[in-house]
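Below you'll find the structure, written out as structure tokens, and then a few comments.
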Number of protein chains: 2
Amino acid sequence: MHFIADFLIKTPLFSNIGQTDLTNMLGCLDIKVKEYPKSHYIVSAGEPLSGIGILLSGEAAVIKENAAGSRIIMTILQPGGLFGEMPAFLPEAHWPASVYTQKSSSVLFLPPEKIVSGCQKLCPWHQTLTLNMLKIISEKALQLNKKVEYLSMKSMRGKLCAFFLEQYQKNANTTFTLPLKRNELADFLNVSRPSMSREMARMKEEGLIDFYLSSVRLLNIEKLRTMID
Amino acid sequence: MHFIADFLIKTPLFSNIGQTDLTNMLGCLDIKVKEYPKSHYIVSAGEPLSGIGILLSGEAAVIKENAAGSRIIMTILQPGGLFGEMPAFLPEAHWPASVYTQKSSSVLFLPPEKIVSGCQKLCPWHQTLTLNMLKIISEKALQLNKKVEYLSMKSMRGKLCAFFLEQYQKNANTTFTLPLKRNELADFLNVSRPSMSREMARMKEEGLIDFYLSSVRLLNIEKLRTMID
DNA sequence: CTCTTTTGGTAGCTATGGCTACCGATTATT
DNA sequence: AATAATCGGTAGCCATAGCTACCAAAAGAG
């Protein structure tokens, strides 16, 4: 239990909460921990919500898949990553996406009611926890907004430029390492991998970028900017 | 002021709050009301956040536009509609989208700090208001999730089927009226209007649907279901 | 009721990008 | 170090859907 508390205190959901408070909370919050092997579903889209999930160790992908089996990656969860926060506070909650282990993982589930509704003891940290939740969900919503921006771009070129320029901003360097494999990037931008490779090759030919495997260098930032759709 | 209180009490943000409490709140919350003529920007994407907005009267569209001027409609706001909730609780907040009046409108702005941080009087409704906020933002996030679902579909046919079937579910009737004009629907699905018309004509030809202007009837639900991408 | 504006349908051309298939390179496994 | 599995690049074909342009119908304004 101490191990879990030490871990949780570093996650955004439990920020601004004192060490002692947190230890008290854990008994009150009614948590459950489960283990999953690599390449297994933790939860499947559509199933009834079993609580907010926190990845304690391993790696998992939040994915959305349609009938035909075509899938898009929403996010990659690292330890500390949260999932299921969005529907947690709504009635009749169901998982809006599936979560699939990339590595063998352990997951902590925590029932949403406990976060929000004060327990009998009227612990003071409920307000803090609710506010943290509010921030986290707001951030998620903005992330989705960003995703919508990418998906709304009609041209492949536009998507790639937007993505590269964002990486450039993050790394503050024209040379950077892509955080996704080709397959994943194609999924993320919702395009087919070969088409993406083709377009990247074209951009290299035109002297806009250079790349070798996961390492990319932007050669003409200005021109790339004008190409965002 | 009484007029505003009577109006607000019916909105989701102020649900579960008593009439008397609400009247007290309004003084405490530091609200501002502004008027906007038809076809004007209320806020523009990228500008610093000026507070959470609530549409009191009129109609406005939340839109996202890229450099090239191509725009997509995120939602249509009716009186009572909220905007700016997503970034409101995050530091360095900026408007993630623009809001544009479709009819002349009046808008109430309300500073987010006031919702969350208890005032000196430690009013009991702060907790309720925060919880309402949590629900609203969760819903928004799920809506965006839905939007991502639509945009992730690669075929026009798939998008149309998904949209029609959702309308069918909402109206519980195979015949229904489209809530959007062709232009708007095309924007929403992120496709071009002529291409959409063409596809709808094809679907009519194939006996899947029938339509005249904004009235649509689904003729083969099962087959439509199999076509969602 | 007429005139204007908005909205919706259609046609034809063309670019974009999806898909399959294949091969070489890189990385993981033992 | 050898083998297997994953990953990335390329080619060619072709369906999908974007775009412009134009016309007809409906809705609004005077």
Side-chain angles (χ1 to χ4, degrees), chain A residues 37-39 59 61 66 68-73 76 100 102-104 150-161 163 177-206 209-216 227-229, chain B residues 38-39 59 61 66 68-73 76 102-104 150-161 163 177-206 209-216 227-229:
Chain A
K38 185 185 173 183
S39 303
E59 189 180 282
N66 50 38
S70 151
R71 48 160 62 183
I72 57 163
I73 296 181
I76 304 285
Y100 190 83
Q102 308 267 55
K103 303 177 182 170
S104 78
Y150 277 116
L151 294 181
S152 305
M153 293 183 195
K154 284 180 182 152
S155 77
M156 174 110 197
R157 179 69 67 105
K159 292 180 185 197
L160 283 171
C161 289
F163 185 81
T177 302
L178 290 176
L180 299 169
K181 301 185 203 304
R182 290 289 188 282
N183 239 323
E184 294 169 342
L185 182 54
D187 269 3
F188 179 76
L189 301 178
N190 202 37
V191 296
S192 87
R193 188 192 53 81
S195 299
M196 190 180 75
S197 271
R198 183 209 293 154
E199 190 63 32
M200 283 178 66
R202 272 186 206 146
M203 290 170 78
K204 189 194 263 183
E205 227 171 67
E206 295 176 30
I209 61 172
D210 195 16
F211 65 92
Y212 175 72
L213 296 180
S214 69
S215 146
V216 177
M227 285 176 162
I228 298 184
D229 220 304
Chain B
K38 185 184 174 185
S39 302
E59 191 180 282
N66 49 37
S70 149
R71 49 160 60 184
I72 57 163
I73 295 182
I76 303 285
Q102 308 268 53
K103 302 176 184 170
S104 79
Y150 276 117
L151 294 181
S152 306
M153 292 184 197
K154 284 181 184 150
S155 78
M156 174 109 190
R157 181 66 67 104
K159 291 180 184 197
L160 282 170
C161 289
F163 185 81
T177 302
L178 290 176
L180 299 168
K181 302 186 203 303
R182 290 288 187 283
N183 240 324
E184 294 169 342
L185 182 54
D187 269 2
F188 179 74
L189 301 178
N190 202 36
V191 295
S192 87
R193 189 193 51 82
S195 299
M196 189 180 75
S197 271
R198 183 210 294 153
E199 190 63 31
M200 282 177 67
R202 271 186 207 146
M203 290 170 78
K204 190 195 262 184
E205 228 172 66
E206 294 176 31
I209 62 173
D210 195 15
F211 66 92
Y212 176 71
L213 297 180
S214 68
S215 146
V216 177
M227 287 177 161
I228 300 184
D229 221 302

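So you know, we letter chains A, B, ... as the sequences are listed, proteins then strands, and number each from 1. It should be emphasised that the depicted structure is a prediction, and the values quoted were computed from it without experimental measurement.
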Measure the distance from [atom1] on [X] to [atom2] on [N] and round it to the nearest whole Å.
| X | N | atom1 | atom2 | answer |
| --- | --- | --- | --- | --- |
| A:R157 | C:dG17 | CZ | P | 9 Å |
| B:L178 | C:dT7 | CG | P | 15 Å |
| B:E205 | C:dA11 | CD | C1' | 14 Å |
| A:R198 | C:dG17 | CZ | P | 8 Å |
| B:F211 | C:dG8 | CZ | P | 11 Å |
| A:N190 | C:dT16 | CG | P | 19 Å |
| A:M196 | C:dG18 | CE | P | 10 Å |
| A:E199 | C:dG18 | CD | P | 10 Å |

- [ ] Taking side chain to side chain contact (heavy atoms under 4.5 Å, CB included) as the test, write out the residues that go with B:R202, two or more places apart.
- [x]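 Side chain to side chain contact (heavy atoms under 4.5 Å, CB included) check on B:R202 returns B:R157, B:R198, B:E199, B:E206.
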Open item on the list: Using the side chain to side chain donor-acceptor pair (under 3.5 Å) criterion, which residues pair with B:S195? Sequence neighbours excluded.
Closed with: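 Per chain and number, B:S195 pairs via side chain to side chain donor-acceptor pair (under 3.5 Å) with B:S192.
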- [ ] List in chain and number order the residues that pass side chain to side chain donor-acceptor pair (under 3.5 Å) with A:Q102, two or more places apart in sequence or in another chain; answer none if no residue qualifies.
- [x]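 Expected list: none.
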Task: Start and end of the DNA chain D segment that chain A contacts, any atom under 4.0 Å from a heavy atom - done: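 Span of nucleotides near chain A: D:dC7 to D:dG12.
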Tell me which donor-acceptor pairs under 3.5 Å the side chains of residues 178-186 of chain B have, and how far apart each pair is, sequence neighbours excluded?
residue: B:R182; atom: NH1; partner: B:L213; partner atom: O; Å: 3.3
residue: B:R182; atom: NH2; partner: B:L213; partner atom: O; Å: 2.8
residue: B:E184; atom: OE1; partner: B:K181; partner atom: N; Å: 3.1

Can you pull every protein N or O that's under 3.5 Å from an N or O on nucleotides 21-30 of chain C?
residue: C:dT26; atom: OP1; partner: A:Y212; partner atom: OH; Å: 2.4

Mind checking the [atom1]-[atom2] spacing from [X] to [Y]? Nearest 0.5 Å is all I need.
| X | Y | atom1 | atom2 | answer |
| --- | --- | --- | --- | --- |
| A:K38 | A:Y100 | NZ | OH | 9.5 Å |
| A:D210 | A:M203 | CG | CE | 12.0 Å |
| B:I228 | B:F163 | CD1 | CZ | 12.5 Å |
| B:L151 | B:F188 | CG | CZ | 7.5 Å |

Task: A:K204: salt bridge (charged side-chain N to carboxylate O under 4.0 Å, His left out) partners, not counting sequence neighbours - done: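 Once residues adjacent in sequence are excluded, A:K204 has no partner under the salt bridge (charged side-chain N to carboxylate O under 4.0 Å, His left out) criterion.
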- [ ] Taking all heavy atoms of A:N190 and all of A:K159, pick out the closest pair and write down the distance.
- [x]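 Taking A:N190 first and A:K159 second, the nearest heavy atoms are O-NZ, 4.0 Å.
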- [ ] Check whether any side-chain heavy atom of A:M227 lies under 4.5 Å from a side-chain heavy atom of A:S155, and answer yes or no.
- [x]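 With C-beta onward as the side chain, the pair stays apart.
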Open item on the list: Using five base pairs at each end to define the local axes, how bent is the helix from C:dC1-D:dG30 to C:dT30-D:dA1, to the nearest 10°?
Closed with: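 Its terminal axes enclose an angle near 60°.
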TODO: Establish, with yes or no, whether the OP1 or OP2 oxygen of C:dG17 is under 4.0 angstrom from a side-chain nitrogen or oxygen of A:S195.
DONE: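 No, A:S195 has no side-chain N/O under 4.0 Å of OP1/OP2 on C:dG17.
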